[in-house]
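In listed order, ligands and their atoms are each counted from 1. In this chain, residues are counted from 1 in sequence order. Both backbone and side-chain heavy atoms feed into the values below; hydrogens, waters and symmetry mates do not.
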Amino acid sequence: MSRPNLRQRPRISYYEPEEPSLDEYIFCDQCSDFVYEYCALHGPLLVIPDDKVPAKTNFPSFVPRAALTIPHVFLHLAPSIIPGAGLGVFSTLTLPRGVRFGPYRGQRTQDVDSMYCWQIYDRNHKPSHVVNAADSNRSNWMRYVNCARHWCEQNLLAYQYQGELYYRTIKTIPRFTELMVFYGSEFANTLHINLSKYNSPPGYAQKFGVPVAKKPKIDTHKQKIEDTSIIKSNNIKKVDERKKTDLKAKPSKLKPPTNIAKKNVMKTKSTNINTKSSTLDAQICNDTNNNDSNFRCKSCNFIGISDEDVKKHNLSHINGILSLNKNNSNGHIVNASKKPYKCDTCHKCFNRKPYLDTHICIHTGEKPYKCDICQKCFHQKPNLDTHIHIHTGEKPYKCDICQKCFNQKPNLDRHIRIHTGEKPYKCDICQKCFNQKPNLDTHIRIHTGEKPYKCDICQKCFNHKPYLVTHIRIHTGEKPYKCDICQKCFSNKSHLVTHIRIHTGEKPYKCDICQKCFSDKSNLRYHIRKDACIKR
Ligand SMILES: C[S@@+](CC[C@H](N)C(=O)[O-])C[C@H]1O[C@@H](n2cnc3c(N)ncnc32)[C@H](O)[C@@H]1O
């Protein structure tokens with residue numbers, strides 16, 4: 001029997017615990033400090049996991065899995081408020097500060113070959129791998145979160161924890177607000193986000209990893225390094241394929257000073273830091289949370305589209321122009337551009353005051369133009385004029401191709417797309433195209449799960465209004481569609497159409513494999529799904 005030689009064993013000190021890996025620290029933005037695993041003072045984050053998606057779903061195959069993983073009670077997908085940015089993620093409920101989402105799912109790669117990549121670092125702060133969410137069937141909903149264009153817009157912080165990437169809320173997010181994270185300066189540059197206008201207040205960068213306001217213009221390389229060091233306080237950097245080499249060359253300043261690290265293992269905090277950060281918190285909260293728009297003037301009801309916009313507007317208060325300008329009924333400055341009349345609510349500009357006055361009715365709800373026949377009221381005269389065609393039966397807009405006439409020009413424009421096959425409205429999730437905007441809007445609800453039409457009787461919800469209308473007939477017993485041949489009645493027009501085929505023998509749906517024909521599309525689908533068809 002042989003005994004192992006104990007002397008050859010490596011020595012372990014049982015008194016000095018091994019220091020945790022850096023990415024087991026998280027940065028508590030309320031304390032401005034690194035804390036081990038979670039902040040003892042501000043508590044753990046509220047974790048919201050992804051929705052579980054079974055291997056087989058009832059959703060059509062074109063719906064990406066990533067879209068289905070969204071925690072749908074809290075969030076939904078919809079077109080982004082950023083022009084041209086595609087889809088975005090919106091809150092369905094008000095989300096408090098300190099909610100954690102994630103981890104960010106995607107394929108683990110070394111190369112950055114899409115705009116959906118986050119760089120993960122190892123414990124030596126060297127790039128370890130990339131999580132690439134380009135494939136929407138092998139990633140989660142976090143791929144749809146867009147990049148904030150201004151510090152006020154940013155409501156999420158991305159951070160690395162235990163080798164994975166998470167997003168957490170850094171302020172209260174009112175419902176129906178788009179979730180936005182900051183991708184990092186390099187990526188922001190490629191998105192043409194003007195970092196000099198990101199305008200975060202002093203101290204914000206240390207907390208949230210974004211550029212500081214009005215940094216003196218320095219050479220781009222230096223700027224990038226500075227920004228990256230800030231980003232790295234969260235142990236994370238979003239990488240962009242076009243800047244790949246640059247990014248790889250960057251020095252890492254990730255690790256907090258050892259004393260801070262040790263202090264945080266014990267979960268202690270400096271009072272100084274706390275006082276400082278609570279002032280900053282208050283400042284940030286005042287600037288963002290108290291307003292339904294981030295760019296609101298504190299002296300009047302002006303809402304700007306950017307911080308710059310509000311600053312320009314404020315000048316007019318300082319110069320006393322707003323209060324002195326008596327000619328302008330709403331007390332607002334008239335700018336000297338070609339369209340000097342600007343709507344205070346949505347910033348649309350007009351070259352004539354009457355146009356602005358008419359436009360303002362949209363916001364005030366005023367409808368000064370009334371139809372003498374049915375008493376329906378309209379914001380604008382042209383809308384009333386068009387409406388009157390319904391009563392007069394006048395259809396002045398004629399399709400040149402099929403001669404069909406319409407009482408409204410937009411209806412003709414829409415109709416013409418049937419002939420041209422034009423489908424200008426594309427779903428960003430599944431790329432399906434539509435010839436009408438309302439059809440796309442309805443379709444998108446398949447992805448977002450939104451069901452805005454609710455039955456008052458049984459509370460069942462629907463994503464499409466006609467579905468609700470048809471559904472209500474279950475309760476009312478109404479069956480307005482009658483078969484002329486056998487007098488059977490139906491609550492739903494499509495059921496009547498299918499029924500009539502019993503009489504006509506028509507079977508328009510053919511199986512491509514076995515050539516069997518069906519009178520009803522759903523029967524054909526069932527036939528294909530159940531593999532009932534064997535080529536004969
Ligand atoms: C991670 S994806 C975000 C989700 C994307 N909107 C979608 O529909 O798949 C990054 C891409 O979104 C768009 N994007 C995100 N933030 C943007 C911003 N602030 N401005 C313009 N485009 C943005 C860009 O096309 C970018 O390449």
Side-chain angles (χ1 to χ4, degrees), residues 50 62-70 75-91 101-107 109 112-120 130-159 165-167 177-200 208-211 227 231 236-244 247 294-295 305-308 425-433 440-441 443-448:
D50 286 4
F62 55 74
V63 180
R65 283 183 80 77
L68 301 176
T69 63
I70 195 160
L75 305 173
H76 61 270
L77 291 176
S80 172
I81 61 163
I82 302 171
L87 282 177
V89 177
F90 292 75
S91 54
F101 296 109
Y104 189 87
R105 299 276 184 211
Q107 283 168 283
T109 60
V112 177
D113 60 5
S114 83
M115 303 290 265
Y116 294 82
C117 290
W118 282 102
Q119 176 76 63
I120 302 293
V130 167
V131 191
N132 185 347
D135 182 343
S136 55
N137 283 314
R138 302 176 74 177
S139 51
N140 66 355
W141 62 273
M142 291 169 79
R143 72 190 295 281
Y144 296 112
V145 175
N146 286 315
C147 183
R149 298 162 293 177
H150 187 278
W151 74 278
C152 288
E153 251 180 6
Q154 188 188 356
N155 45 29
L156 294 181
L157 173 70
Y159 67 103
L165 192 118
Y166 296 89
Y167 291 166
T177 305
E178 181 163 1
L179 267 53
M180 294 213 205
V181 72
F182 186 66
Y183 290 171
S185 301
E186 289 84 356
F187 207 127
N189 276 329
T190 69
L191 295 174
H192 306 295
I193 293 171
N194 187 343
L195 293 180
S196 65
K197 290 190 178 161
Y198 205 87
N199 257 335
S200 49
F208 302 124
V210 288
D227 290 340
I231 300 292
I236 184 173
K237 182 159 41 93
K238 186 131 190 173
V239 285
D240 166 34
E241 53 193 328
R242 279 171 274 175
K243 307 272 168 164
K244 192 171 151 190
L247 288 172
N294 292 325
F295 311 116
I305 48 169
S306 67
D307 204 45
E308 208 62 23
Y425 304 100
K426 189 169 168 184
C427 170
D428 286 325
I429 304 180
C430 67
Q431 321 305 323
K432 197 171 171 181
C433 294
L440 170 61
D441 294 342
H443 163 84
I444 281 175
R445 295 191 196 118
I446 295 176
H447 302 300
T448 62

Specify whether F90 and H76 have parallel, tilted or perpendicular ring planes, treating 30° as the upper limit for parallel and 60° as the lower limit for perpendicular. parallel
Sub-4.0 Å atoms of ligand 1 with respect to non-hydrogen atoms of N146: 3 (C), 4 (C), 5 (C), 6 (N), 12 (O), 13 (C), 14 (N), 15 (C), 16 (N)
What closest approach, in Å, do I444 and P79 show between heavy atoms, and which atom pair accounts for it? CD1-CG, 4.1 Å
I'd like to know whether ligand 1 has V145 as a neighbour, heavy-atom separation below 4.0 Å. yes
Please name the pair of heavy atoms, one in Y167 and one in Y159, separated by the smallest distance, quoted to 0.1 Å. C-CE2, 4.3 Å
Enumerated ligand 1 atoms positioned under 4.0 Å from heavy atoms of R143: 1 (C), 2 (S), 3 (C), 4 (C)
Within the 4.0 Å heavy-atom shell around R149, which atoms of ligand 1 are there? 19 (N)
For S80, give me all partners under side chain to side chain donor-acceptor pair (under 3.5 Å), at least two apart in sequence or on another chain. N146, E178
Where do L191 and C147 come nearest, in terms of heavy atoms and distance? CD1-CB, 3.8 Å
Under 3.5 Å between any N/O of L87 and any N/O of ligand 1: does that happen in this structure? yes
With atoms numbered from 1 as shown, which atoms in ligand 1 lie under 4.0 angstrom from a non-hydrogen atom of Y183? 1 (C), 2 (S), 3 (C), 10 (C), 15 (C)
Atom indices of ligand 1, in the order listed, that fall short of 4.0 Å to a heavy atom of M115: 1 (C), 10 (C), 27 (O)
Using distance alone, determine whether G88 and ligand 1 share an N or O pair under 3.5 Å. no
Element-labelled atoms of ligand 1 that are located less than 4.0 Å from some non-hydrogen atom of I193: 19 (N)
Compare every heavy atom of N137 with every heavy atom of P64, then report the nearest pair and how far apart it is. CA-OD1, 3.4 Å
Keeping N140 on the side-chain end and T69 on the backbone end, is there a donor-acceptor pair under 3.5 Å? no
Heavy-atom contacts with I82 under 4.0 Å: which atoms of ligand 1 show up? List them by number with element. 18 (C), 19 (N), 20 (N), 21 (C)
